[in-house]
Amino acid sequence: KPVPVLAIDGPSGSGKGTISRAVAEALGWHLLDSGAIYRAVGYAASMAGIDLSDAQAVTRCTETTRIVFRDPKDGGETRVVVNGHDATDEIRTETCGAAASAIAAIPAVRAALLDKQRSFRRPPGLVADGRDMGTIVFADAPYKVFLTASADERARRRYKQLKEKGLAVTLSTLLREIEARDERDATRKVAPLRPATGALIIDTTGIPVDAVIAQVLAVVQPA
Ligand code: C5P
């Protein structure tokens, strides 16, 4: 019997990260933060001074970048180690989000990351957070959810998250950056952001986190 996957896709700030973590915890399943992988590659390419529109150079960089998710000793946030350097905080900036979105539009980069993402599918199950979890990477997933929220609300959530991390941002700049990133993610030729066939679409605008978690859990564990 194949290992079950719950695919959770959606744009930035839709609540995917928070919801995926909580649902994985509740189910006792593994968690894949695929965005962190794209961010790590964007980070590595930027650090190497690679022109992000140079598809060949970025693809080579993708193939050689070592990305390790490390469980924190103190129960805090999962550490993301890129080529031996703990880049957990650096990859969360919107600059890195934009770099991730740029390199994510390169087909060979996406192809090079498929096996790594699929290797997270281990018993008893996987919650996979991203843009193309239900459409491409785990197209055979038995459970699929697509989270959305208004652009204003998504910008406000991201603003709060980044502020909590002590990063300097303004709401209006963030709103513009997020809209530009979503536009690119939704209109790219390869693996564009869109709900998978059969996905439960949840608009989380104004809905408390606990209520969204309950709705998503009900997809896997119907009452
Ligand atoms: O989810 P997060 O904001 O961390 O993702 C950063 C960027 O990585 C997205 O804007 C998108 O361009 C890219 N991404 C992707 N496919 C995924 C996950 C993320 O293209 N499965």
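Whatever order the structure lists them in is the order used to number ligands and atoms, beginning at 1.
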Query - Residues which pass side-chain hydrogen bond (donor to acceptor under 3.5 Å, both in side chains) with R39, listed by chain and number, not counting sequence neighbours - result: none
Query raised in the report: If you measure from CZ on R79 to CG on D89, what distance do you get to the nearest 0.5 Å?
Result: 5.5 Å
Query raised in the report: Mind checking whether Y143 and W29 have parallel, tilted or perpendicular rings, split at 30° and 60°?
Result: tilted
**Report entry** Within the protein, residues bringing a heavy atom under 4.0 Å of ligand 1, chain by chain
**Finding:** K16, S34, G35, Y38, R39, A100, S101, A104, R110, G130, R131, D132, M133, R181, D185, R188
**Report entry** Pairs flagged by salt bridge (charged side-chain N to carboxylate O under 4.0 Å, His left out) wherever residues 104-116 is involved - sequence neighbours left out
**Finding:** R110-D132
Report task. Identify, with sequence neighbours excluded, every residue that meets salt bridge (charged side-chain N to carboxylate O under 4.0 Å, His left out) alongside E153. Result -> R156, R157
Report task. Please indicate whether Q56 has more than 12 foreign heavy atoms, meaning atoms of other residues, nucleotides or ligands, lying under 6.0 Å from its CD. Result -> no
